[in-house]
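Report on the following structure.
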Amino acid sequence: MTDATPRPVVELLERSHRLGADPRNTNYAGGNTSAKGTAADPVTGTDIELMWVKGSGGDLGTLTEGGLAALRLDRLRALTGVYPGVEREDEMVAAFDYCLHGKGGAAPSIDTAMHGLVDAAHVDHLHPDSGIALACAADGEKLTGECFGDRVVWVPWRRPGFRLGLDIAAVKEANPQAIGCVLGGHGITAWGDTSEECERNSLDIIRTAERFIAERGRPEPFGAVRPGWEPLPEEERRARAAALAPVIRGLASTDRPQLGHFTDSETVLDFLSRDEHPRLAALGTSCPDHFLRTKVRPLVLDLPADAPLERAVERLRELHAKYREEYRAYYERHANPDSPAMRGADPAIVLVPGIGMFSFGKDKQTARVAGEFYVNAVNVMRGAEAISRYAPIEESEKFRIEYWELEEAKLRRMPKPKPLATRVALVTGAASGIGLATARRLVAEGACVVVADLDAERSAEVAKELGGPDRAVAVAADVTSEEAIAEAFAVGALAFGGIDLVVNNAGISISKPLTETTAADWDLQHRIMARGSFLVSREAARMMIAQDMGGDIVYIVSKNGVFAGPNNIAYGATKADQAHQVRLLAAELGGHGIRVNGVNPDGVVRGSGIFAAGWGAKRAAVYGVEEEKLGEFYAQRTLLKREVLPEHVAAAVYTLTAGDLSHTTGLHIPVDAGVAAAFLR
């Protein structure tokens, strides 16, 4: 906002932020708010009536001025004279573009008519759990009257659009005492002459519905607890979730790769422990915002929490095949020749009793928000079952929303995914040097990253720098410990659903002549790099095979893996070990679609944790140069006379994993500015 921002816009944004900050009021990116006022026409200088409304795809809690659509009210209201009827409803959204005022701003949403046609200066349309519980109750109209009297009016289900806007406008005109309405199967709408009054009315409806459900509702709306279906103890539960996550993610990615999110919140675990959860889950969600993100219904594992892991995996595969068949049948029941093509038959929500919920999407935020929406749906079911019976809208109506041409148009407007979108990388030694540069590059290209490093504090700083939980998570990882490595992969599985790309980068360097190299030096060097990369690759292979989505393992080897330099026996030998691991694993894992390649850097001085830890001083002494000039020295001995930086190594990792080299495995790429003695033969 600036000093030139109109006062109604300032009030609208402030109200939106307050409403959007409380999940009891609306879900992420759900609902919309508006304000009407006047502004000078830039052509004539005369005042004109405008409406500012949250645009398509925005979120109330983080709404900015640029996320608003500004429309001329005279033109918007004139659309009532040309409205062609519900059969051609979708045409009206395109007509909103001809009502826009000024440059920039967001695209008008389908709910624009609701705000523009209602005779009130301020309007809120929200999706609170309590309001949707009334809206989705079998006798919702009767309950709305009991809850509010004539202060809030019932509006039967109608698909969002221009006709719904006309309906709500007529309801308000016919009920001057009303402060808002409950929209059957959908949510609530409130209004006011001032922003403060509108917000007060919205909160009045939401809180009154909450109290009504709490006071009238029966105590256990989901039924009794099923013996054996209670939540497992936390440590056991999360270990089981980490074991299941890659399998479930692989199933949910049958049509296209997905990222995952896991939650074992009390709301989810309680729902899955109760007798009624299979019936209610099968009914699906109701609010359009819910099922657009969660699909028409979830996949539910029908086994108790303590079922053997192998049996759970087997049953999940069976249920997934059945889910896909049923989803295709659902599509074919309702599709017509003009319907968009089926977008995919995999579930977005997978529920595992005693364990929790796995949700999926095109990126981590989408996956997380899908899970949040299903929690909203559970809350709605609880409220509706407490006071009546949960009765969502008809399946045919859900299909009309899910495969709405307007929704398809919104998907077409989405930017093209980045090359590494939907991929999850685990980078060892990621807190500095080559590992840090690689993590940064992978995130910049769309990947999510597990920042694994011995330095837990620095690892957490890097994860935060890379964008936080929706882009990167940190884990303290000692690559010499099998338990620590398994935990690092488990963290990735719970955070993102699994691991697709591993960069074996962790290492140290001991530079001594042969006669001064101790057995302890040798063992330490090999334990960290040769043994450590073996352990990381082994765990990676286990998870990637469980996912059945292929994968990439990249070793950061070295020129020293193929070139014999002085005073370098421990480091050079372990690098040669890593180099051959690349070839061995490429041969073994190719049948699973897992590619294994290496990068051979040399002379990466600047930003290097190894060089800063003493290796630089020792190598400088070997070559008789000042330590601060070691990078220049290395550059001058290359064919290109250029210094190698961590970012150059990261670029090679990206090139190997971004897709253009999809048929390449067992390769070593030199990144050394040209060291003829290290040419591969």
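Computed from a prediction, not measured in an experiment: that's the story for all the values here. For reference, positions follow the sequence shown, starting with 1.
- Between Met357 and Val350, every side-chain heavy-atom pair lies at or beyond the 4.5 Å cut-off.
- By the 30° and 60° cut-offs, the orientation of the rings of His277 relative to Trp229 is tilted.
- At distances below 3.5 Å, not a single donor-acceptor pair connects side-chain atoms of Thr366 with backbone N or O atoms of Lys362.
- We find that Arg88 and Glu91 are joined by a salt bridge, their nearest charged nitrogen and carboxylate oxygen being less than 4.0 Å apart.
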Evaluation steps, side chain to side chain donor-acceptor pair (under 3.5 Å), between Ser388 and Asp139
CA-CA 7 Å; Ser388 174; Asp139 47 355; 2.5 Å; yes

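- Between Tyr330 and Phe399, the ring planes are perpendicular. Angles over 60° get that label, and only those under 30° would be called parallel.
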Side chain to side chain contact (heavy atoms under 4.5 Å, CB included) between Ile110 and Met92, intermediate numbers included:
CA-CA 9 Å; Ile110 188 65; Met92 299 307 291; over 6 Å; no

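- A salt bridge links Arg218 and Glu385; the closest N-O separation between the charged side-chain nitrogens and carboxylate oxygens is under 4.0 Å.
- The backbone N or O of Glu49 sits nowhere less than 3.5 Å from a side-chain atom of Thr38 that would complete a donor-acceptor pair.
- Look at Asp270 and Arg274 and you find a salt bridge, because one of the NZ, NE, NH1 or NH2 atoms lies within 4.0 Å of a carboxylate O, short of that distance.
- When atom types are taken as modelled, the side chain of Ser130 and the backbone of Ile206 share a donor-acceptor pair closer than 3.5 angstrom.
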Given side chain to side chain donor-acceptor pair (under 3.5 Å), test His122 with Arg15 step by step and report yes or no.
CA-CA 10 Å; His122 299 267; Arg15 179 173 96 243; 3.2 Å; yes

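- Side chain of Asp275 to main chain of Gly223: no donor-acceptor pair is present (N/O by atom type, distance under 3.5 Å, no hydrogens or angles).
- Of the possible polar contacts, none joining the Thr112 side chain to the Pro108 backbone as a donor-acceptor pair under 3.5 Å is found.
- A salt bridge links Glu397 to Arg400: at least one charged side-chain nitrogen sits closer than 4.0 Å to a carboxylate oxygen.
- Ring pair Phe222/Phe271 is perpendicular by interplanar angle, where above 60° counts as perpendicular and below 30° as parallel.
- Electrostatic pairing of Asp470 and Arg368 counts as a salt bridge here, judged by a charged N lying under 4.0 Å from a carboxylate O.
- To the nearest 0.5 angstrom, Ile188 atom CD1 is 9.0 Å from Ile132 atom CD1.
- In terms of modelled atom types and a separation under 3.5 Å, the side chain of Glu230 and the main chain of Gly228 share a donor-acceptor contact.
- Using a cut-off of 4.0 Å between Lys/Arg side-chain N and Asp/Glu carboxylate O, Glu199 and Arg18 are scored as salt-bridged.
- Contact of the Val123 side chain with the Lys36 side chain is registered, since non-hydrogen atoms from C-beta on lie closer than 4.5 Å.
- With respect to Arg24 and Asp129, no salt bridge is recorded, no charged nitrogen being found less than 4.0 Å from a carboxylate O.
- A cation-pi contact links Arg343 to Tyr403, judged by a cut-off of 6.0 Å to the six-membered ring centre and 45° from its axis.
- Ion pairing of Glu402 with Lys295 is absent here, as no side-chain N (NZ or NE/NH1/NH2) approaches a carboxylate O to less than 4.0 Å.
- Pro340 is not listed as a side-chain neighbour of Trp404, based on a closest heavy-atom distance of 4.5 Å or more.
- Contact between Val182 and Gly131 at its shortest, heavy atoms only, is CG1-O, 4.2 Å.
- Although no hydrogens or angles enter the test, the distance criterion places no donor-acceptor pair under 3.5 Å between the side chain of His261 and the main chain of Lys364.
- A distance-only check finds no donor-acceptor pair linking the side chain of Thr208 to the backbone of Ile205 [under 3.5 Å].
- Residue Ser16 forms a side-chain hydrogen bond (donor to acceptor under 3.5 Å, both in side chains) with just one option from Asn32, Thr26, Thr33, and that option is Thr33.
- Contact record, His186 with Pro160: CE1-CG, 3.5 Å, taken as the closest heavy-atom pair.
- Other residues, nucleotides and ligands contribute more than 12 heavy atoms inside 6.0 Å of the CD atom of Gln177.
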Could you give me the CA-CA distance, side-chain angles and deciding distance for Leu143 and Ile387, then say whether side chain to side chain contact (heavy atoms under 4.5 Å, CB included) is met?
CA-CA 8 Å; Leu143 291 168; Ile387 55 176; 3.8 Å; yes

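- In this structure, Ile213 CD1 and Leu134 CG are separated by 5.0 Å, a value rounded to the nearest 0.5 Å.
- The pair Arg163-Glu87 does not meet the salt-bridge criterion, since no charged nitrogen lies less than 4.0 angstrom from a carboxylate oxygen.
- Judged purely by atom type and a 3.5 angstrom limit, Asp346 uses its side chain to pair as donor or acceptor with the backbone of Asp255.
- Ion pairing of Arg226 with Glu276 is absent here, as no side-chain N (NZ or NE/NH1/NH2) approaches a carboxylate O to less than 4.0 Å.
- In terms of heavy-atom proximity, Asp22 sits nearest to Arg207 at OD2-NH2, 3.3 Å.
- The two residues Ser109 and Gly55 come nearest to each other via the heavy atoms CB-C, 4.3 Å.
- What you find for Leu269 and Gly354 is that their closest heavy atoms are CD2-C, 3.9 Å.
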For Arg238 and Leu494: C-alpha separation, side-chain torsions, deciding distance, then whether side chain to side chain contact (heavy atoms under 4.5 Å, CB included) applies.
CA-CA 8 Å; Arg238 295 185 74 80; Leu494 294 178; 3.8 Å; yes

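- Between Gly67 and Leu63 the shortest heavy-atom distance is O-CD1, 3.8 Å.
- Ring-plane geometry between His125 and His127 is classed as perpendicular, the angle between the planes exceeding 60 degrees on a 0 to 90 degree scale with a lower cut at 30.
- More than 12 non-hydrogen atoms from other residues, nucleotides or ligands lie less than 6.0 angstrom from CD of Glu332.
- A donor-acceptor pair is defined here as one N or O able to donate and one able to accept, closer than 3.5 Å; no such pair exists between the side chain of Trp52 and the backbone of Glu65.
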